[in-house]
Amino acid sequence: MASTYPFQEIEKKWQEFWDKEGTYRAEDLPSSEKQKKFYGLIEFPYPSGEGLHVGHPRSYIAIDLMTRKKRMEGKDVLYPIGWDAFGLPTENFAIKHKVKPADATAKNVANFTRQIKSLGIGFDWSREINTTDPAYYRWTQWMFLKFYGSYFDVVEGRAKPIDLLAIPQNVAEQGEEATRRFRDEHRMAFKAETKINWCPSCKIGLANEEAIGGVCERCGSTVEQRTKEQWMIRITAYAQRLLDDLANVDYLEKIKAQQINWIGRSEGAYVDFGIRTDKSGDLLPEKLTVFTTRPDTLFGATYMVLAPEHEMVSRWIEDGSIENATEVEAYKAQARGMSELQRQENKEKTGVQLKGVVAINPANNEKIPVWIADYVLAGYGTGAIMAVPAHDERDFEFAQKFGLPIVQVVAAAEGDETRGLPFTVKGVAFDSGILNGLTTDEATTKMIEWLAQNGYGRGAINYKLRDWVFSRQRYWGEPIPLVKCQKCGWVPVPEEQLPVTLPDVDNYEPTDNGDSPLAAIRSWVETTCPHCGGPAERETDTMPNWAGSSWYFMRYCDPHNDKAFADPEKLKFWMPVDLYNGGMEHTTLHLLYSRFWYKFLWDLGLVPHECGSEPYAKRRSHALILGEGGIKMSKSKGNVVNPDDVVKDYGADVFRVYQMFIGPFDQDAPWDTHGIEGVRRFLEKVLRIFDSVIPAEAGTQEPDSPVKPWNDNVETLLHQTIKKVGEDIEAMHFNTAVSALMILVNEMSESRTSYRVPRADLETLLKLVAPFAPHMTDELWHKLGHETSIHREAWPQYDPAKCVTSTFEMVVQVNGKVRDKMEVATDIPEEEAKAKALASEKVKPYLDGKEPQKVVYVKGRLVSISI
RNA sequence: GGGCCCGUGGCGGAAUUGGUAUACGCAACGGACUUAAAAUCCGUCGCCGCAAGGCAUGUGGGUUCGACUCCCACCGGGCCCACCA
């Protein structure tokens, strides 16, 4: 800014002042009734070594504006900050540079803190949290144990303590071991085999994001698939509730759509197919069950496909039912070696027929061949499909490639696009003809009835959502607080012994077998069983990054509590979050996981019932700040803007206003070095308005200039601006709020030369600018003689009567074209407006002496004449 | 392939939700002040035209007194998901 305004000094001064005064500290005990609280939340950052990106603050500043306005409106405001600090980049950095991840994290947090504080954001730093702090992850572990100690009651549709799980008679009769197994199978946290991406060179398991294109992101070697027993969390049990409750929250439509999409509910039916092998020569006792959304096309099912991993395939290989077992094994091996990503890239259909095995289509008793192919996914439905090539594109493609029959189901043909290739048309779908003349929906319902009546299947609902793989073979994460005892099996670490802290070692290396680096630290692994006191080993897997971020918004309500993750009374006051803002990249997983986690705790009564079943009342997303020219900022392109540089050159206030003015909040916007100059000019103009009011040397006396009455138009504009800025901030239209302020300031600074702007109006202006440029406005506020911060002042009110002018410029249109404009009284009667318009000299030539066909008056706007 | 969204000056973008298209800002140009520059201030700035006027919101149609806004088709671009039966 101008050399006369020492912004660096002033900004620092106010940041220290706010810190000392606790200007932004949320009330520890609420001072108002619950309706008057506002909890604004931004996604807490991952403190990377790169430092703050210019994109980060966009969200922080936006919510800062909103919370500042709410505070000025007298609400209790909670706007906290913390660090989502566990995770891969830090771990990788630590391994590479042989430093401790905790030390690297502390350094990064210090840097982020310095950067964020320099922006003057009104965070309540007294509530700062860090997911890697044992005092924090103690509760993350505690919550994991709640998952472990619970099951999902299907009848009531909610989680309950595992002690309440009814053990069926026949299980109980089999003894303790069977009972334990039954219980373990029903826990919300359970162990199961899953595939992981394995880099044979780095000897490390990789997240999907690190194995893009099937190669290791770090070293470039081909990623293998390995099978491993991992902890899973039963999020699928909550699929329907996660879907249903979207109706009760205010999320952007596209965010809801993403959640719905990800959960992927589909209605259909399970259908049981009989299986005959040549070897046995007869029907097997077991059935092959498939899930289909189109049971009405059952008659057109001409073959079946199993996922290569389907357990029946292994069984049939073993018992010799499959004649071409070698070929089948080879295909299975090939499929196993492929990562999901490789599979997605190569969409060419492949598969092998299981020779010696046929399935029986229950609709017509026809024998149909059985195949395995990797286009059928083991993880969805039953891992097997009935293939209806006439009504499914993928089946069609497969049938074409392998010469399988294609049968169109006539009753179902309506609505399905004909593929323009010869079909074997079989006419009526059923002996009974029950589907004739029905729509697809009706036929589906009818078919499900038929299946159920004849014992061939039943209606069913399936979700794409899979259970949450919760184990990571990593060091830098929350240890999973379980111990494996040879005698007692998995035993939870008792609550009073939490947290299970990470061992403080100088360095660690990945292991050969895919275990976490923790597995090699024997002194940490070896422990005693909390149950029987015998020798036991700790679980060496750690939790995923998503764990700590699944509940952090609750910890903010009571961050220093060491008796509970948060005091229920404080949760009752602050929850739910009123506005949650973040990037679109987190609108599927993080949002889903945290909603689920919250619902689970709510079910158990650990989150008070009064908080409601959803953690976030409203979710919005910001877009990206791009590099100059509209390309993404990246180190390689050399177009990265460092917020430190901007703050150093222009100050935080300019940076903040520019961030808000750059474009619509939910739209990507390119950084523009020239654009920021315009904002600087604007703020300097604000300073200049106060020059006459505030004498150069700190005095607060107003000069006794000759006073002309304050201009009515500026008065009107002031009230219009109060209205506009307030509404725009609420609607997150920050760019137009800034432009409204610019218009007012332009007007005021022009008027200043001819009129004396009343001090009260100047103070109003200052309050409107305050959330945008907090340092400068507090400085001016104090120079006007105030002792307390402007950020605790009352937000200005507008007078609706003063927002309207007594006259307006009425437009006269003839056949939709503007032909005249005239100044008329705002309350002009309709007839008079029309008469005036028709009498206009400029309009007359267009009337051509004819009588107008229609004359429309739009109040306060225009008269439209058509001839 | 599915879902969501967007096309307005040289650029970022406004438009009271169907009512004066191009607010505000940037860039550019001309001028004032200055020895000069910066800063600041004044002015011009969609296109064609001396002007009157005409034409312009991706393209073509429709509804309407009136369409950037609503409807249909097409063209172009973006984001997310994706062999989910």
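All values below were derived from every heavy atom in this structure, side-chain atoms included, with hydrogens, water molecules and symmetry-related copies excluded. Throughout, a chain's letter reflects where its sequence line sits, starting with A, and its residues are numbered from 1.
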Do the side chains of Arg458(A) and Asp272(A) get close enough for a salt bridge, i.e. N-O under 4.0 angstrom?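 Salt bridge present between Arg458(A) and Asp272(A).
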Quick one: list whatever passes side chain to side chain donor-acceptor pair (under 3.5 Å) with Ser840(A), sequence neighbours left out. Asp820(A)
What residues form a side chain to side chain donor-acceptor pair (under 3.5 Å) with Asn815(A), not counting sequence neighbours?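 Asn815(A) satisfies side chain to side chain donor-acceptor pair (under 3.5 Å) with no residue once adjacent residues are dropped.
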Are Lys834(A) and Tyr857(A) in a cation-pi setup, meaning NZ or CZ lies under 6.0 angstrom from the ring centre and within 45 degrees of the ring axis? no
Using atom P of each nucleotide, how far apart are G43(B) and C80(B) to the nearest Å? 46 Å
Tell me the interatomic distance from Lys256(A), atom NZ, to C79(B), atom P, rounded to whole angstroms. 25 Å
Among [options], the one nearest [X] by side-chain distance:
X: Asn746(A); options: C24(B), U20(B), C55(B); answer: C24(B)
X: Asp374(A); options: A85(B), C83(B), G54(B); answer: C83(B)
X: Arg680(A); options: G54(B), C24(B), U40(B); answer: U40(B)

Distances under 3.5 Å only, N/O to N/O: pair up the protein atoms with those of nucleotides 11-16 of chain B.
residue : atom : partner   : partner atom : Å
G12(B)  : O2'  : Ile662(A) : O            : 2.6
G13(B)  : OP1  : Gln667(A) : NE2          : 3.4
A14(B)  : OP1  : Asn735(A) : ND2          : 3.0
U16(B)  : O2   : Arg861(A) : NH2          : 2.1
U16(B)  : N3   : Arg861(A) : NE           : 3.3
U16(B)  : N3   : Arg861(A) : NH1          : 2.9
U16(B)  : N3   : Arg861(A) : NH2          : 2.2
U16(B)  : O4   : Arg861(A) : NH1          : 3.4

Select base, sugar-phosphate, or nothing to describe what Thr587(A) touches, counting heavy atoms under 4.0 Å on all strands.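 The answer is nothing, as Thr587(A) stays clear of every strand by at least 4.0 Å.
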Not counting sequence neighbours, which residues clear ring pair (Phe, Tyr, Trp, His ring centres under 6.0 Å) with Tyr658(A)? List them please.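 Once residues adjacent in sequence are excluded, the partners of Tyr658(A) under the ring pair (Phe, Tyr, Trp, His ring centres under 6.0 Å) criterion are Trp671(A).
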Kindly indicate whether the side chain of Lys349(A) and the base of C83(B) share any N or O donor-acceptor pair separated by less than 3.5 Å?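 Result: at least one qualifying N/O pair found.
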Show your reasoning for whether side-chain contact (heavy atoms from CB on, under 4.5 Å) applies to Asp392(A) and Arg294(A). CA-CA 10 Å; Asp392(A) 182 280; Arg294(A) 293 291 305 275; over 6 Å; no
Dump every N/O contact between nucleotides 64-66 of chain B and the protein below 3.5 Å, one line per pair.
residue : atom : partner   : partner atom : Å
C65(B)  : OP1  : Lys854(A) : NZ           : 3.1
C65(B)  : O2   : Ser864(A) : OG           : 2.5

For Watson-Crick and G-U wobble pairs within 3.5 Å on both distances, what is RNA chain B written in dot-bracket notation, | included for inter-strand pairing? (((((((..(((......[....))).(((((.......))))).(((....)))..(((((..]....))))))))))))....
